[in-house]
Amino acid sequence: MAAGHTGAAAGEYEGLAEQARALADGRVTSAALVLRSLERIEATQSTVNAFRRVRAEAALAEAADADRRLAAGERLPLLGVPVAVKDDTDVAGEPTAFGCAGEFPPKEHDAEVVRRLRAAGAIIVGKTNACELGQWPFTEGPAFGDTRNPWNLAHTPGGSSGGSAAAVAAGLVPAALGTDGAGSVRIPAAWSHLVGIKPQRGRISTWPDAEAFQGITGIGPLARTVEDAALLLDVASGNHDGDLHRPPAIAAREAAGRDPGRLRIALSFKPAFTGTPKRLHPEVRAAVSELARTLARLGHLVEEAEPDYGLVGLAFVPRATVGVGEWAARVPDRTLLDPRTRDAARMGRLLGGPVLRRARAVEQRQHRRIGALFGPYDVLLTPTTATPPPRIGTLAKLSGWRTDRAMIAACPYAWPWNVLGWPGVSVPAGFSTDGLPLGAQLLGPAHGEPRLISLAAQLQDDLRWHERRPAGHPAPGAGG
């Protein structure tokens with residue numbers, strides 16, 4: 001791709017909603033925004049390494065078409081705005097390798113969520129890196145190298161949606177989609193100083209899969225602001241006729257502009273039982289405690305209370321490993337898979353059938369037991385992760401069982417909500433003394449996104465986290 005100038009006007013618009021407004025008002029062109037995005041991707045690919053596939057030629061052609069449509073008076077929510085999707089999401093004409101090595105055939109059709117993005121006018125500039133089959137909270141692998149954290153290139157942005165998080169944090173795109181099967185949107189949001197929403201199961205269609213990873217994985221937005229995340233959620237939401245889960249519609253962006261009222265918030269630092277050692281980093285505890293004090297200052301009732309998780313992990317493992325096995329079966333050359341992936345797929349074969357059916361059958365009881373917290377309380381506040389982002393290579397080089405133990409120790413808070421299928425929002429909670437981003441989760445009951453989004457927006461208005469950007473990456477008003 002040849003380098004070029006985007007024009008001074010392009011540098012004035014950084015957010016998703018900002019770009020959409022500027023395009024609709026004729027203050028900037030889609031060609032300028034998309035070219036700037038592509039230039040930034042190219043300039044950072046050797047360092048941040050956020051993208052697996054870049055659609056430079058196609059995206060520029062689509063931008064030119066968007067400009068013609070805008071000039072003719074057409075208006076759509078994201079007409080002409082560049083965004084990115086994760087490597088597990090089908091884009092017509094591109095392979096879907098999901099972090100795996102080997103040659104994958106190009107897909108003939110867009111995934112339903114991509115169809116909806118295009119219907120809203122968005123331009124997909126590329127597909128972002130993810131670890132192999134989305135299994136780990138880092139984004140490293142022999143198929144694509146190391147995706148690095150824009151806040152500190154020696155550290156991971158998290159995973160498995162690390163490429164999407166890095167792309168947004170580095171200012172390569174204003175927002176991106178990831179997928180979350182055990183925290184894979186929320187973890188990189190926390191470690192990249194972003195807002196990450198894991199919506200209610202089925203809120204965003206996973207078609208051409210009727211459900212993903214036996215129902216534990218959903219698609220969600222990553223953005224710098226609550227408004228941008230909510231806008232992308234609204235645009236991406238909706239169902240295909242073949243979807244297994246079809247929750248009632250919500251208005252996420254409307255919720256982002258609404259006062260949440262006075263809420264009862266349970267603060268919990270206790271993770272679900274896993275039988276493995278876990279230790280909450282004192283700087284994470286301090287950051288989440290400070291966020292709790294901010295919520296109390298804003299008028300909410302905040303007190304410590306613990307959800308009754310029971311043995312929810314016994315329902316997670318069969319669903320996760322069967323899901324890995326289902327995805328691994330699609331890979332053209334399985335000999336190229338990581339040994340840890342092959343081990344997980346074998347475990348999935350053992351835990352399929354009756355064990356899987358039992359794991360899924362207990363979900364309603366889990367809803368009742370864990371959901372009892374949402375009688376006395378409206379929202380559950382927890383850390384998103386137990387540690388700051390690890391250094392590159394810390395987990396990627398470990399054996400299978402050591403990877404599992406290290407992963408659970410670093411990220412014990414997110415995955416129970418994947419079993420439940422309920423919504424959660426990770427919000428920035430400050431930085432470690434080393435300048436590494438930390439995050440906190442706002443968790444709710446079924447269909448509870450509007451309340452969580454309203455609360456997150458209130459926090460953002462007070463804390464102004466979106467005004468802080470990583471050094472060396474574009475800030476508002478910066479040129480191409």
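Worth knowing before you read on, the calculation uses all heavy atoms, side chains too, and leaves out hydrogens, waters and symmetry mates.
Of the N and O atoms on the side chains of N418 and D180, at least one donor lies less than 3.5 Å from an acceptor on the other residue. A donor-acceptor pair shorter than 3.5 Å can be found between the side chains of S205 and D243. No side-chain donor from either of E227 and H466 sits under 3.5 Å from a side-chain acceptor of the other. T225 and Q460 form no side-chain donor-acceptor contact under 3.5 Å, judged by distance and modelled atom types alone. Checked by atom type, the side-chain pair K86/S161 shows a donor-acceptor distance below 3.5 Å. S30 and D67 share no donor-acceptor pair across their side chains, judged by distance under 3.5 Å alone. With no hydrogens or angles considered, a side-chain donor-acceptor pair links S426 and T384 at under 3.5 Å.
Rounded to the nearest 0.5 angstrom, I216 CD1 and L420 CG are separated by 11.5 Å. Between the CZ atom of R258 and the OG atom of S454 there is a distance of 4.5 Å, given to the nearest 0.5 Å. Rounded to the nearest 0.5 Å, atoms CD (E42) and CG (L172) are 12.0 Å apart. We find the CZ-CG distance between R69 and D65 to be 5.5 Å, quoted to the nearest 0.5 Å. Atom CG of L381 and atom CG of L267 lie 5.0 Å apart (nearest 0.5 Å). Here the CD atom belonging to E62 is positioned 8.0 Å from the CD1 atom belonging to I124, to the nearest 0.5 angstrom.
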List the steps, then state whether side-chain contact (heavy atoms from CB on, under 4.5 Å) holds for V81 with L33. CA-CA 7 Å; V81 180; L33 292 176; 5.6 Å; no
Show the numbers, then the answer: is there a salt bridge (Lys or Arg N to Asp or Glu O under 4.0 Å) between R40 and E14? CA-CA 13 Å; R40 290 179 175 181; E14 288 293 330; 3.2 Å; yes
Full working for side-chain contact (heavy atoms from CB on, under 4.5 Å) between E132 and F98: CA-CA 6 Å; E132 191 167 287; F98 202 174; over 6 Å; no
Could you walk me through whether V324 and F213 pass the side-chain contact (heavy atoms from CB on, under 4.5 Å) check? CA-CA 7 Å; V324 170; F213 282 76; 3.9 Å; yes
Dump the intermediate steps for salt bridge (Lys or Arg N to Asp or Glu O under 4.0 Å) on R293 and E290, then the final yes or no. CA-CA 5 Å; R293 285 190 287 273; E290 180 60 30; 2.9 Å; yes
Evaluation steps, salt bridge (Lys or Arg N to Asp or Glu O under 4.0 Å), between D87 and R52: CA-CA 7 Å; D87 189 30; R52 181 73 182 263; 3.4 Å; yes
Stepwise side-chain contact (heavy atoms from CB on, under 4.5 Å) check, L455 with L295: CA-CA 9 Å; L455 183 59; L295 289 164; 3.6 Å; yes
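Listed for the R224 side chain is a donor-acceptor partner under 3.5 Å among the backbone atoms of V168. Proximity of a side-chain donor or acceptor of R186 to a complementary backbone N or O of G424 within less than 3.5 Å is not detected. Under the 3.5 Å distance criterion, the side-chain polar atoms of H193 are left unmatched by any main-chain donor or acceptor of R469. Side-chain N or O atoms of Y413 include one that pairs as donor or acceptor with a backbone N or O of F269 at under 3.5 Å. Panel note: side chain D259, backbone G261; a donor-acceptor pair is recorded below 3.5 Å. The closest donor-acceptor contact from the side chain of H240 to the backbone of E112 lies at 3.5 Å or more, if one exists at all. Formation of a donor-acceptor pair under 3.5 Å by the S192 side chain with backbone atoms of L194 is not found in this model. In this structure, the side chain of T47 engages the main chain of T44 through a donor-acceptor pair within 3.5 Å. With hydrogens and angles disregarded, a donor-acceptor distance shorter than 3.5 Å links the side chain of N152 to the backbone of A154. Of the possible polar contacts, none joining the T382 side chain to the Q441 backbone as a donor-acceptor pair under 3.5 Å is found.
Of the options D88, T89, T206, T217, a side chain to side chain donor-acceptor pair (under 3.5 Å) to T179 is made by D88 and by none of the others. Applying the side-chain contact (heavy atoms from CB on, under 4.5 Å) test between L291 and each of L438, V302, L463 identifies L463 as the sole match. Screening D234, L232, V185, D228 for a side-chain contact (heavy atoms from CB on, under 4.5 Å) involving P221 leaves a single residue, L232.
Considering every non-hydrogen atom in both A182 and A414, the closest pair reads O-CB, 3.7 Å. Nearest approach of A406 to L395, heavy atoms of both residues: CB-CG, 4.0 Å. Of all heavy-atom pairs spanning A266 and A305, the tightest one is CB-CB, 3.9 Å. Pairing each heavy atom of H245 with each of E211, the nearest pair is NE2-OE1, 2.7 Å. Listed here is the closest heavy atom pair of K198 and W417: CE-O, 3.4 Å. Between V113 and I219 the shortest heavy-atom distance is CG1-CD1, 3.9 Å.
Side chains of L117 and L177 form a contact here, defined as non-hydrogen atoms less than 4.5 Å apart. Between L263 and L301 the shortest side-chain heavy-atom distance does not fall below 4.5 Å. For the pair V54 and V125, the minimum side-chain heavy-atom distance is 4.5 Å or more. Two residues are said to be in side-chain contact when any heavy atoms from C-beta on lie closer than 4.5 Å; L452 and P423 meet this criterion. Here the side chains of W191 and T385 are in contact, with some heavy-atom distance below 4.5 Å. Within the 4.5 Å cutoff, the side chain of D90 has heavy atoms near those of the P208 side chain. For the pair R203 and I250, the minimum side-chain heavy-atom distance is below 4.5 Å. You'll find the side chain of V83 stays beyond 4.5 Å of the side chain of V173, heavy atoms only.
Ring planes of F316 and W415: tilted class, angle from 30 to 60°.
Within 6.0 Å of CZ in R21 there are more than 12 heavy atoms belonging to other residues, nucleotides or ligands.
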